[in-house]
Undergrad: 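The structure's right below; bear with me while I get my questions together.
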Amino acid sequence: TSIRIPEGVTRIDSCAFLDCKDLSKVTLPSSLVWIGYRSFSNCKDLNDINIPTSLRTISQEAFYLCGIKKIAIPDGVKSIGNRAFALSDLTSISIPGSVKQIGNNAFGDCTWLNNVKINEGVEIIGDSAFASCWLLRSIEIPNSITKLGDGVLSRCSSVKDLTIKAIEPPHTQEFVDINKNICVLSVPDQSVKTYKAADVWKDFIHVKGINVKPAVPNSSKKTSKKK
């Protein structure tokens with residue numbers, strides 16, 4: 001079963017397609033700005049959906065227990081709600097820098113998820129955001145991060161490559177389920193010694209320095225006025 005949402009629609013309300021288990025394809029309009037609470041939750045056959053560049057909010061549990069294996073989140077989306085993609089079939093995800101906050105458990109229990117890239121601009125990663133992603137092997141966290149929630153990678157025992165681009169080691173709980181004798185922690189060149197001395201991060205045996213370009217705040221962009 002497929003459905004096309006007509007142009008001009010700006011919101012998909014809460015539970016609009018909840019439990020539509022035969023729904024396999026959804027075409028969203030370029031006017032859409034909001035996907036509501038549990039809009040596509042438990043749509044287990046859904047494997048084809050486009051996210052328009054107009055979208056700004058993916059609400060709590062929007063794609064909870066959903067069958068999607070891949071989804072392109074466009075630059076322009078500002079928030080991903082709690083459990084938005086939890087228990088979905090995603091295999092990889094790239095989160096654009098326009099997203100300022102990733103909600104608690106947003107991608108929790110995505111047992112097929114193996115690669116995560118969080119782009120420069122994202123500031124907050126909620127508690128348990130990627131918890132119980134058993135197959136997750138690599139994750140990249142940007143310099144722009146201001147809060148790394150507790151248990152972000154709990155029960156992610158397959159992680160082998162963890163890249164943290166933050167100059168100062170973020171405060172977070174111990175990564176109890178990551179094998180710190182095997183996992184390679186990549187951090188900014190100038191911060192290797194700081195990470196090796198910091199609580200939680202000092203437990204990683206393999207710490208590698210990488211070249212990280214400093215984040216450029218929007219306020220630093222130059223503007224010129226014609227006289």
Side-chain angles (χ1 to χ4, degrees), residues 3-20 23-113 115-133 136 139-142 144-149 152:
I3 188 168
R4 178 183 293 272
I5 309 296
E7 288 294 333
V9 172
T10 59
R11 297 170 60 96
I12 297 178
D13 286 339
S14 299
C15 304
F17 298 97
L18 174 67
D19 294 332
C20 291
L23 183 63
S24 61
K25 181 178 180 179
V26 176
T27 304
L28 300 175
S30 60
S31 54
L32 192 69
V33 297
W34 180 282
I35 296 179
Y37 169 70
R38 286 202 159 194
S39 291
F40 296 98
S41 180
N42 207 29
C43 293
K44 294 187 176 180
D45 282 348
L46 181 60
N47 55 37
D48 188 353
I49 186 169
N50 67 300
I51 302 295
T53 56
S54 58
L55 192 70
R56 296 295 176 263
T57 301
I58 299 174
S59 298
Q60 181 174 328
E61 297 186 17
F63 295 96
Y64 180 80
L65 266 174
C66 203
I68 50 173
K69 291 180 172 59
K70 59 181 181 179
I71 193 167
I73 300 176
D75 192 48
V77 173
K78 295 186 180 299
S79 65
I80 298 174
N82 297 344
R83 298 180 298 282
F85 293 93
L87 287 163
S88 71
D89 290 342
L90 287 173
T91 58
S92 65
I93 193 71
S94 178
I95 300 170
S98 60
V99 174
K100 299 309 173 190
Q101 180 166 352
I102 300 170
N104 297 339
N105 209 238
F107 296 89
D109 291 283
C110 291
T111 54
W112 297 105
L113 189 65
N115 178 264
V116 173
K117 182 176 182 182
I118 303 172
N119 288 282
E120 192 65 38
V122 177
E123 297 175 355
I124 298 172
I125 301 176
D127 295 344
S128 304
F130 299 95
S132 299
C133 293
L136 183 62
I139 182 168
E140 182 176 316
I141 295 173
S144 54
I145 201 73
T146 59
K147 181 183 178 183
L148 189 60
V152 167

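Numbers here simply count residues along the sequence, with the first being 1.
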Undergrad: NZ of K100: more than 12 outside heavy atoms within 6.0 angstrom?
TA: yes

Undergrad: Report all side-chain donor-acceptor pairs from residues 77-88 shorter than 3.5 Å, counting only partners two or more places apart or in another chain.
TA:
{"unit_1": "N82", "atom_1": "OD1", "unit_2": "N104", "atom_2": "N", "d": "2.8"}
{"unit_1": "R83", "atom_1": "NE", "unit_2": "E61", "atom_2": "OE2", "d": "2.7"}
{"unit_1": "R83", "atom_1": "NH2", "unit_2": "E61", "atom_2": "OE2", "d": "2.9"}
{"unit_1": "S88", "atom_1": "OG", "unit_2": "F85", "atom_2": "O", "d": "2.8"}

Undergrad: Would the distance check show the side chain of E7 and the main-chain N or O of S30 forming a donor-acceptor pair, the cut-off being under 3.5 Å?
TA: yes

Undergrad: Check for a donor-acceptor pair, side chain of S31 on one end and backbone N or O of G8 on the other, with a separation under 3.5 Å.
TA: yes

Undergrad: Not counting sequence neighbours, which residues clear ring pair (Phe, Tyr, Trp, His ring centres under 6.0 Å) with F17? List them please.
TA: F40

Undergrad: Taking all atoms of both residues into account, what is the closest heavy-atom pair of G103 and A129, and its distance?
TA: O-CB, 4.0 Å

Undergrad: So I51 and I73, do their side chains get closer than 4.5 Å, heavy atoms only?
TA: no

Undergrad: Are side-chain heavy atoms of I118 and I145 found at a separation under 4.5 Å?
TA: no

Undergrad: Would you find a donor on one side and an acceptor on the other, under 3.5 Å apart, between the side chain of S98 and the backbone of D75?
TA: no

Undergrad: Just do the side-chain contact (heavy atoms from CB on, under 4.5 Å) check on L32 and I5 with the steps written out, would you?
TA: CA-CA 9 Å; L32 192 69; I5 309 296; 5.7 Å; no

Undergrad: Of all the heavy-atom pairs spanning S144 and V122, show the shortest one and how long it is.
TA: OG-O, 2.7 Å

Undergrad: Judged by atom type as modelled, is there a donor-acceptor pair below 3.5 Å linking the side chain of S39 to the main-chain atoms of D13?
TA: yes

Undergrad: Show me the pairs that pass side chain to side chain donor-acceptor pair (under 3.5 Å) and involve residues 44-58, at least two apart or across chains.
TA: none

